[in-house]
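What follows is a short report on a single structure.
We're numbering straight along the sequence, starting at 1. All values reported here derive from a predicted model rather than from experimental measurement.
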Amino acid sequence: MRPVSITPLDPDRPAILAHARGRMYASECAFWDGVRAGARDHGGDLAGIAHHTPAEACDVPVLCVRNGLDGWPAVDACSGWSAIMPGDQAIDADVADESELLEIARFWQGEEPPPDARHLTRLRALRRFARVYTHALGWLRPSFALIWNGYHPQARVLAGLCERAAIPTHRCERGPIPGTLHTDANGILGASSIARAHINDLRPSRAALCIAQETADRLARGTRTWWTQPEPPPGDVRSRFGVHATDRMLLFAGQVGRDVQARWFGSGHASNADAFRAFLRALPRDRADLFVLGKHHPQSDTPPAVYRRVLEDEATNAAWRGAWVDDVPLHDALRRCDGAAAVNSTVLAEACARGLPVLQMGESILSNKQIAFGLHEAEAWIDCACTRERRANLQTTLAALVDDDKAARPLGGLWSMTPASGRAGPRELGAHLASIARDARAPEFGALPAAPPLLDEASLWDRARRGGSRPDQAAA
């Protein structure tokens with residue numbers, strides 16, 4: 001395979017550090033390529049830290065720092081970086097809030113306190129992340145950092161170091177619309193600026209409202225989702241379960257049990273199955289015209305049988321019926337249901353765009369917008385006959401996120417992950433990040449903690465600054 005050239009980082013431009021989570025598939029590589037191009041077009045430059053080697057050629061210097069605390073996080077030479085981290089040196093880098101971060105790690109693994117035998121291993125891994133990130137910040141000297149999610153231990157370590165060095169940061173996460181990225185200075189999901197804003201405080205421009213209306217219409221017509229959906233079984237889902245045309249089929253969208261939505265912005269229940277139980281108990285038990293369609297999340301690690309037992313228990317002595325399915329695509333369920341409910345899934349935005357009444361049990365960007373019903377309003381949600389105003393409120397919310405009239409974007413931004421006519425995409429995001437980096441106050445890199453030297457400290461950013469070939473794509 002031919003070598004892939006990496007455009008050298010320009011030391012005279014304000015640098016942006018982008019922290020990306022998960023695998024860098026081809027689409028993500030193209031996205032970050034566009035973000036860097038937009039940043040360079042507007043006087044900045046961008047490099048990244050990711051959990052996996054980019055799947056395709058990517059003109060972004062990326063340091064691959066493997067995810068997880070159960071073992072030494074491997075650090076690979078990748079796409080412009082050339083440091084190899086030793087695995088047996090003593091680790092004494094400073095990490096704030098270690099006990100809290102270890103508790104979060106147990107949450108992701110589904111473990112109960114007290115700490116198990118992996119406590120020391122995870123503590124050493126946290127300190128190693130601190131060491132890697134300290135050197136990365138010291139060599140790149142970024143004026144701004146964009147951090148994915150911000151609630152995983154590794155991201156918390158990076159954010160803490162940025163705060164210590166007075167490096168401004170924003171958070172990013174998948175947006176409420178499939179194929180979008182949501183960025184915000186205050187946090188993601190229920191902690192974002194837009195989530196806290198009331199609908200009456202939003203005043204998007206007319207141009208932004210037009211873009212939002214087109215987005216909502218496209219969402220209502222489309223079948224794209226964030227997660228791969230199962231192949232649909234033969235026949236119609238209503239016919240399959242004998243749901244009459246005059247009955248109301250209510251969708252409950254299951255979610256992943258251990259994620260940010262559940263832990264920090266959920267409904268306060270111990271699990272998504274417990275939230276489903278609370279939802280069922282809020283339904284009128286004498287309504288024989290109701291059918292609950294529970295939809296299993298494609299990434300859930302909770303067996304469908306757990307939800308089916310909950311449904312069976314709660315259906316006892318109730319007139320309504322229901323089923324929990326894992327073989328119905330989301331767009332089929334939304335097309336045939338009369339309402340959608342979830343703790344705080346992005347499915348609710350998709351459902352609202354389709355004109356369905358939605359019920360939300362937790363917090364999300366839909367909060368405070370008169371878009372979703374609460375659990376205490378279950379009966380009103382069931383019988384809601386007109387959703388025009390609520391759909392309009394969704395469009396206003398989306399418009400506030402794409403409004404270019406607010407140069408500083410105080411409510412965050414929603415960016416298409418592919419170039420799209422009339423919508424802000426990767427290059428526009430790069431330009432936005434470059435403007436923040438240019439205007440930022442000079443960070444205080446001297447405030448970073450001292451960390452043990454790397455095996456090849458001097459070359460950490462040297463390859464990226466000079467340009468070079470990806471080691472895994474050298475010519476045969």
(request) Would you sort out whether Trp32 and Val62 count as a side-chain contact (heavy atoms from CB on, under 4.5 Å), showing the intermediate values? (result) CA-CA 10 Å; Trp32 290 113; Val62 176; over 6 Å; no
(message) Tell me every residue that passes salt bridge (charged side-chain N to carboxylate O under 4.0 Å, His left out) with Asp383, counting only those two or more places apart in sequence or in another chain.
(response) Arg287
(message) Taking the side chain as everything from C-beta on, heavy atoms only, tell me whether Pro298 gets closer than 4.5 Å to Leu330.
(response) no
(request) Can you label the angle between the Phe252 ring and the Trp324 ring as parallel, tilted or perpendicular, going by 30° and 60°? (result) tilted
(message) Return the CG to CZ distance between Leu290 and Arg248, rounded to the nearest 0.5 Å.
(response) 8.5 Å
(message) Has Ser205 got a side-chain atom pairing as donor or acceptor with Ala208's backbone, closer than 3.5 angstrom?
(response) yes
(request) For Glu56 and Ala26, indicate whether the former's side chain and the latter's backbone hold a donor-acceptor pair under 3.5 Å. (result) no
(message) Between Arg285 (side chain only) and Thr316 (backbone N and O only), is there a donor and an acceptor less than 3.5 Å apart?
(response) yes
(request) Just jot down the salt bridge (charged side-chain N to carboxylate O under 4.0 Å, His left out) partners of Asp338, sequence neighbours excluded, or say none. (result) Arg238
(request) Could you tell me whether the side chain of Thr387 and the main chain of Gly355 form a donor-acceptor pair under 3.5 Å? (result) yes
(message) So, using side chain to side chain contact (heavy atoms under 4.5 Å, CB included) as the criterion, who are the partners of Leu311 when residues are at least two apart?
(response) Phe276, Leu280, Trp320
(request) Report yes if some heavy atom in the side chain of Val35 is under 4.5 Å from a heavy atom in the side chain of Trp415; otherwise report no. (result) no
(request) Keeping the roles fixed (side chain from Arg196, backbone from Ala191), state whether a donor-acceptor pair exists under 3.5 Å. (result) yes
(request) Identify, with sequence neighbours excluded, every residue that meets ring pair (Phe, Tyr, Trp, His ring centres under 6.0 Å) alongside Phe144. (result) His170
(message) Are Gln154 and Val65 packed together at the side-chain level, in the sense that at least one heavy-atom pair is separated by less than 4.5 angstrom?
(response) no
(request) Please check if atom CD in Glu377 has more than 12 non-hydrogen atoms from other residues, nucleotides or ligands closer than 6.0 Å. (result) yes
(request) Return the set of residues passing ring pair (Phe, Tyr, Trp, His ring centres under 6.0 Å) with Tyr25 (not counting sequence neighbours), or none when no residue passes. (result) none
(request) Using the side-chain hydrogen bond (donor to acceptor under 3.5 Å, both in side chains) rule, collect all pairs that involve residues 360-374, keeping only residues at least two apart or in two chains. (result) Gln360-Ser364, Gln360-Ser367
(message) Keeping Arg203 on the side-chain end and Asn200 on the backbone end, is there a donor-acceptor pair under 3.5 Å?
(response) yes
(request) Indicate yes or no for a side-chain donor-acceptor contact from Glu428 to the backbone of Gly425 under 3.5 Å, with no hydrogens or angles considered. (result) yes
(message) Taking Thr302's backbone N and O only, do any of them form a donor-acceptor pair with His296's side chain (distance below 3.5 Å, no angle check)?
(response) yes
(request) State which residues pass ring pair (Phe, Tyr, Trp, His ring centres under 6.0 Å) with Phe31; sequence neighbours excluded, sorted by chain then number. (result) none
(message) My understanding is that only residues two or more places apart in sequence, or in another chain, count here; which of them pass salt bridge (charged side-chain N to carboxylate O under 4.0 Å, His left out) with Glu314?
(response) Arg277, Arg281
(request) List for me each residue that meets salt bridge (charged side-chain N to carboxylate O under 4.0 Å, His left out) alongside Arg21, sequence neighbours excluded, and say none if there are none. (result) none
(request) Ignoring hydrogens and angles, tell me if any N or O in the side chain of Gln255 forms a donor-acceptor pair with the backbone of Asn344 under 3.5 Å. (result) yes
(message) Within the 4.5 Å heavy-atom criterion, are Val328 and Arg336 side-chain neighbours or not?
(response) no
(request) Quick one: pull up CH2 in Trp148 and OG1 in Thr183 and give me the separation to the nearest 0.5 Å. (result) 11.0 Å
(request) Not counting sequence neighbours, which residues clear side chain to side chain contact (heavy atoms under 4.5 Å, CB included) with Thr396? List them please. (result) Ile199, Leu202, Pro204, Leu209
(request) Under the side chain to side chain contact (heavy atoms under 4.5 Å, CB included) rule, collect the residues that match up with Arg441, sequence neighbours excluded. (result) Ala166, Glu444
(message) Any donor-acceptor pair under 3.5 Å linking the side-chain atoms of His244 with those of Thr246?
(response) no
(request) Answer yes or no: is there a side-chain heavy-atom contact under 4.5 Å between Tyr307 and Asn272? (result) yes
(message) Contact between Asp184 and Arg171 at the side-chain level, heavy atoms closer than 4.5 Å - yes or no?
(response) no
(request) State, yes or no, whether a side-chain contact exists between Ile365 and His182 at a heavy-atom distance under 4.5 Å. (result) yes
(request) Give a yes or no on whether the backbone of Cys352 and the side-chain of Arg390 come within a donor-acceptor separation of less than 3.5 Å. (result) no
(request) Can you label the angle between the Phe265 ring and the Tyr151 ring as parallel, tilted or perpendicular, going by 30° and 60°? (result) perpendicular
(message) According to salt bridge (charged side-chain N to carboxylate O under 4.0 Å, His left out), does anything in residues 142-156 pair up with another residue at least two apart or in another chain? List the pairs.
(response) Glu100-Arg156
(request) Could you check if a side-chain atom of Val402 sits within less than 4.5 angstrom of a side-chain atom of Thr215, using non-hydrogen atoms only? (result) no
